[in-house]
**Student:** 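Handing you a structure now.
All chains are named by letter (A, B, ...) in the order of the sequence lines, taking the proteins before the strands, and each is independently numbered beginning at 1. In what follows, every heavy atom counts, from backbone to side chain, and hydrogens, waters and symmetry copies are set aside.
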Amino acid sequence: MVSRHYWLMKSEPSTFSIDDLARSPGQTTSWDGVRNYQARNFMRTMAVGDQVLFYHSNADPPAVVGIAEVVRIAYPDSTQFDKKDKHYDPNSKPSEPKWDMVDIKYVRAFSNPLALDDLRRDPKLKAMVLLKKGSRLSVQPVTLGEWQHILHLAKH
DNA sequence: GCCAACGTTGGC
DNA sequence: GCCAACGTTGGC
């Protein structure tokens, strides 16, 4: 069996929510705008079929709200060359793009979103990157154990 | 809106 | 290569 990898990706719902993803053409979107090297490097290791926890940050409450999956591996983020884009990077050359994006596709939204507060209280999730103090990574790895436990929680 | 934590930039 | 200043993230 092919081993999948698991991830968590953050988005502010006021900018792009899981409902926006579900309504996107083909229920798919390109994850542009990542401007952090660590997050970019994680995206570069993603494979088609990798599973993603969709997280709403700056939300009330902040929560894991559903699942998406990777449908296209990392390729240059076009917004880095667009002067009018908020994420324009004058230091990036088309011959040597600094920033990548992946495409993700909607899988499902949880009927009961898992609030950050509840995740924090769960001893099984103590080691989650999301819950580490000061952690701001917008793209982060999730272990198989964490993934399975979160899916289990989402059923209740 | 506040602010702690973190990442990046640039002067030296 | 250090580190102060600045900008951003994101919970509260």
**Student:** Can you check each nucleotide of nucleotides 5-12 of chain C against protein heavy atoms at under 4.0 Å and return B for base, S for sugar-phosphate only, - for none, in 5' to 3' order?
**Tutor:** --BBBBB-
**Student:** Taking ring-ring contact (aromatic ring centres under 6.0 Å, His included) as the test, write out the residues that go with Tyr37(A), two or more places apart.
**Tutor:**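 Checked Tyr37(A) against ring-ring contact (aromatic ring centres under 6.0 Å, His included); matches are Trp99(A).
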**Student:** Not counting sequence neighbours, which residues clear side chain to side chain donor-acceptor pair (under 3.5 Å) with Arg108(A)? List them please.
**Tutor:**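 Scan of Arg108(A) (side chain to side chain donor-acceptor pair (under 3.5 Å), adjacent residues dropped) gives none.
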**Student:** Are any of the side-chain heavy atoms of Gln140(A) and Leu130(A) separated by less than 4.5 Å?
**Tutor:**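 Of all side-chain heavy-atom pairs linking Leu130(A) with Gln140(A), at least one is under 4.5 Å.
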**Student:** Ignoring hydrogens and geometry beyond distance, is a side-chain donor-acceptor pair present between His149(A) and Asp122(A) at under 3.5 Å?
**Tutor:**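 Present: a donor and an acceptor within the cut-off.
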**Student:** Is Arg40(A) salt-bridged to Asp77(A), cutoff N-O under 4.0 Å?
**Tutor:**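 Salt bridge between Arg40(A) and Asp77(A), a charged N being under 4.0 Å from a carboxylate O: no.
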**Student:** Taking atom types as modelled, find out whether Asp103(A) and Trp31(A) have a side-chain donor-acceptor pair closer than 3.5 angstrom.
**Tutor:**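 Result is no, nothing qualifies.
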**Student:** If you take any heavy atom closer than 4.0 Å to DNA chain B, which residues from residues 90-100 of chain A end up in contact?
**Tutor:**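 The answer is none.
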**Student:** So does Asp89(A) pair up with Arg35(A), basic N to acidic O under 4.0 Å?
**Tutor:**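 Salt bridge between Asp89(A) and Arg35(A), a charged N being under 4.0 Å from a carboxylate O: no.
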**Student:** Would you call Arg23(A) and Asp19(A) a salt bridge, taking side-chain N to carboxylate O under 4.0 Å as the test?
**Tutor:**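 A salt bridge is absent here (no side-chain N lies under 4.0 Å from a carboxylate O).
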**Student:** Do the ring planes of His5(A) and Trp7(A) sit parallel (below 30°), tilted (30 to 60°) or perpendicular (above 60°)?
**Tutor:**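 Rings of His5(A) and Trp7(A): tilted, as their planes differ by 30° to 60°.
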**Student:** Give me the bend of the helix from dG1(B)-dC12(C) to dC12(B)-dG1(C), using the axes of the five pairs at each end, rounded to 10°.
**Tutor:**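 End axes: 10° apart.
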**Student:** Please list all pairs meeting ring-ring contact (aromatic ring centres under 6.0 Å, His included) that have one or both residues in residues 103-131 of chain A, counting only residues at least two apart or in different chains.
**Tutor:**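 Pairs touching residues 103-131 of chain A that pass the test: none.
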